[in-house]
Number of protein chains: 2
Amino acid sequence: MKKTGRRNSGRPTITDVARLAGVAAITVSRALRDPSLVSVELRRQIEAAVAELGYEPNVNARALASSRADVIAVLVPSLTNIVFADFISGVYKALRGNPLQIQIGNTHYSPREEERLVAMFLGQRPSGLIVSGIDQSKATLKRLQTAGCPVVQVMEYADEPVDMLVGFSHFEGGKAATRHLVEAGYRRIGFIGARMDPRSQRRLAGYRLALEEAGLFDPALVVTTPTPSSVPLGGELLCQAMAKTPALDAVFCNNDDLALGVLFEAQRQAIRVPQALGICGFNDLDLMGVAHPRLTSVRTPRFETGHRAVQMVLRRLQGGAEEARCVDLGFQLQVRDSTMRDAP
Amino acid sequence: MKKTGRRNSGRPTITDVARLAGVAAITVSRALRDPSLVSVELRRQIEAAVAELGYEPNVNARALASSRADVIAVLVPSLTNIVFADFISGVYKALRGNPLQIQIGNTHYSPREEERLVAMFLGQRPSGLIVSGIDQSKATLKRLQTAGCPVVQVMEYADEPVDMLVGFSHFEGGKAATRHLVEAGYRRIGFIGARMDPRSQRRLAGYRLALEEAGLFDPALVVTTPTPSSVPLGGELLCQAMAKTPALDAVFCNNDDLALGVLFEAQRQAIRVPQALGICGFNDLDLMGVAHPRLTSVRTPRFETGHRAVQMVLRRLQGGAEEARCVDLGFQLQVRDSTMRDAP
DNA sequence: CGCGGTCATGATAGCGCTACCTTAGTGCAA
DNA sequence: TTGCACTAAGGTAGCGCTATCATGACCGCG
């Protein structure tokens, strides 16, 4: 008996449910969002009507009317990079059982794309926003500051986040890995890096500092490329590094893909690992612990970061006690065969 | 001078732009969605007003009014599985420069979760829906049939899709890999599989048929687990398989992670690959071509599948000529060192 | 010079939901 | 009994945008 609305979508609306249950639309709305606001009797009638009609709320109408979408927007620079996939797993885990949805945006490592996505996502008035890194453009930062929702920067550590932050220090990670190589007795320690996004740059800076402290730094030891990282690329970069520095006796790889490629290439050239070449990766994917030889790496809290970031958003939404705005989850150097030069 | 709307969000609306540009709201709407409908002069005024106010359209209001969201929903069972990450890369690539957004849903390999997500996404009236696989629940299939938007099932091949389909045959892939192992001279060929989702099951079926044809099938050769796949797991499953069948002389691995784990474990046990143990993976990640020894695998069109699926949706939306509803992108057996038993 | 046809623009009325305010009913102290 | 606080439910008016129809200007043509 509705107004034959020429435009209506054919799908049952909250009004249809209300009519069937013999209540007002607003009561249905309340029953769906917070059942405690509605008497048990009506609640049951409404639930029955919802089931009978197969009613599904229109999220767009809901978001428009309440100017609040039940969505947490998550911006990552890449989805093929397992680091961010693991991070997103943590996000999903923390959100399980929660009616909030996840909206993933892929910036492809482009600040401009990031700016566009932040503008677009904030236009949807999400319940929370999680962005990767701390190197947003000025325009993006301005938008984040006036986001009107909790904002978490992740996968880095810094003292002055836009709002909240959870991650670890890539600089310290790079430094720790490199110091370990120095202590293991290596002297011509190369750096192999791909893509060289801001996080890679900070790992490189940590590497550099550690080598300078030991009086071992030499620019010729650093081989980088803007190309995205991959296992084959690790082998290629090792060849380049050895061409530049034949005496190379160890490499700190920007990530585990490269480290694995380095290992394969070393095996191909019959270079003995760890005796003639030490290899250290970054992230500590689970394959590092079972490679042959087992590969040293820096374990990073990817999953935990996603999990914690969501928890921080949720706590803020629930108006709970303010916890620390900056959380450093740290990292852990996993020393394995590939850098145990003096092992039996 | 607006009605002091106590509820308005504070953000500029299309009405604000219209007032500043001295036109009606509907004209702004037209200028934004299809500039050719508006005279050059007004268009310029409107663009100026948009820029001055920093106007950003409200996607919820737009979706509500037009009952059509500018979104393509993509459902995958996992994001950490590189196969689906590559697939999504293809989706992004095909959508570059297009105003359509991507909405990713993660089913975690659960038909129930898939059902929930399909219902939710369709409630947003997306412009298209891409779902992984062909093993949806009855309820999900019903919803897909009445989706009201183009639907593409991906990563499998079948004759009767809900709407459109693009992928390849996992059964044929498994068969081809196994036949190759037989032809290479292996006789006790094991199957190692993790997770055992429907696609894995079909690869296993292909393996079984190939071995039966050769008179070599033996249930004791098959080792599977519901556990998610990983590199370490590959090594563990190899150990299990060798315990069950000491004479094992080759393994077809359900995917490349397992194959890599098998290789590492073989190296650890000093089992010579490919002479004493042949290894064949599935998917052909780029590391397979550089491992030492190089690993044989079945190359699958992951990126291409994502790309093509989006193209199919777009073509349908543009009302273009109907192309094939089922597209088989095939696969390619990449024979490498790890199965070249009789190589010099 | 008036007629139908095209084109650019505008006015109006929703899309489906919820914020906000009002109304009716209940219990209880004065 | 009156008055007041409190709860459950409903009425109304938007949220910001677009579908649809209406309007008026302009055009060519018999």
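Below, read A as the first sequence line, B as the second, and so on, with proteins coming before strands; counting in each chain starts at 1. Small disclaimer: the values here were computed from a predicted structure and weren't measured.
Within the structure, salt bridge (charged side-chain N to carboxylate O under 4.0 Å, His left out) contacts touching residues 137-149 of chain A (residues at least two apart or in different chains) do not occur. Listed by first and then second residue, the salt bridge (charged side-chain N to carboxylate O under 4.0 Å, His left out) pairs that reach into residues 96-106 of chain A come to none, sequence neighbours excluded.
B:Arg19 places its CZ atom 14 Å from the P atom of C:dG10, with the value rounded to the nearest Å. Atom CZ in B:Arg68 sits about 14 Å away from atom C1' in C:dC15, given to the nearest Å. For the pair A:Leu64 CG and C:dT18 C1', the interatomic distance rounds to 10 Å; values are reported in whole Å. Protein atom CZ of A:Arg11 is 11 Å distant from nucleotide atom P of C:dC17, rounded to whole Å. Across the protein-nucleic acid pair, B:Ile26 atom CD1 and C:dT12 atom P stand 13 Å apart, rounded to whole Å. Atom CD1 of B:Ile14 is separated from atom P of C:dT9 by 15 Å (rounded to the nearest Å).
For B:Ser66, counting side-chain heavy atoms from C-beta on, the closest listed nucleotide (C:dT18, D:dG16, D:dA19) is D:dA19. Among D:dC15, C:dG10, D:dT18, the nucleotide with an atom closest to any side-chain atom of B:Arg62 is D:dT18.
Residues passing the side chain to side chain contact (heavy atoms under 4.5 Å, CB included) test with B:Arg44 are B:Val40, B:Glu47, sequence neighbours excluded. The salt bridge (Lys or Arg N to Asp or Glu O under 4.0 Å) test applied to B:Arg302 returns B:Asp86, not counting sequence neighbours. Partners of A:Leu37 under the side chain to side chain contact (heavy atoms under 4.5 Å, CB included) rule, at least two apart in sequence or in another chain, are A:Arg30, A:Asp34. Not counting sequence neighbours, the partners of A:Glu113 by the salt bridge (Lys or Arg N to Asp or Glu O under 4.0 Å) test are A:Arg116. By the ring-ring contact (aromatic ring centres under 6.0 Å, His included) test, A:His108 pairs with B:Tyr92, sequence neighbours left out.
Base contact: B:Ala61 has a heavy atom under 4.0 Å from a base atom.
One axis for each end of the helix from C:dC1-D:dG30 to C:dA30-D:dT1, each built from five base pairs, and the angle between them comes to 50° at 10° resolution.
Checking A:Gln103 against B:Gln101 by side-chain atom types alone, no donor-acceptor pair falls below 3.5 Å.
DNA chain D is contacted by B:Arg33, B:Tyr55, B:Pro57, B:Asn58 of residues 33-60 of chain B, taking any non-hydrogen atom closer than 4.0 Å.
At C:dT18, one or more side-chain N or O atoms of A:Ser29 fall inside 4.0 Å of OP1 or OP2 (strictly under the cut-off).
Between A:Arg30 and B:Arg30, the one whose closest nucleotide on DNA chain C sits nearer the 5' end is B:Arg30.
Salt-bridge formation is not detected for the pair A:Asp197/A:Arg195: no Lys NZ or Arg NE/NH1/NH2 atom is positioned less than 4.0 Å from an Asp or Glu carboxylate oxygen.
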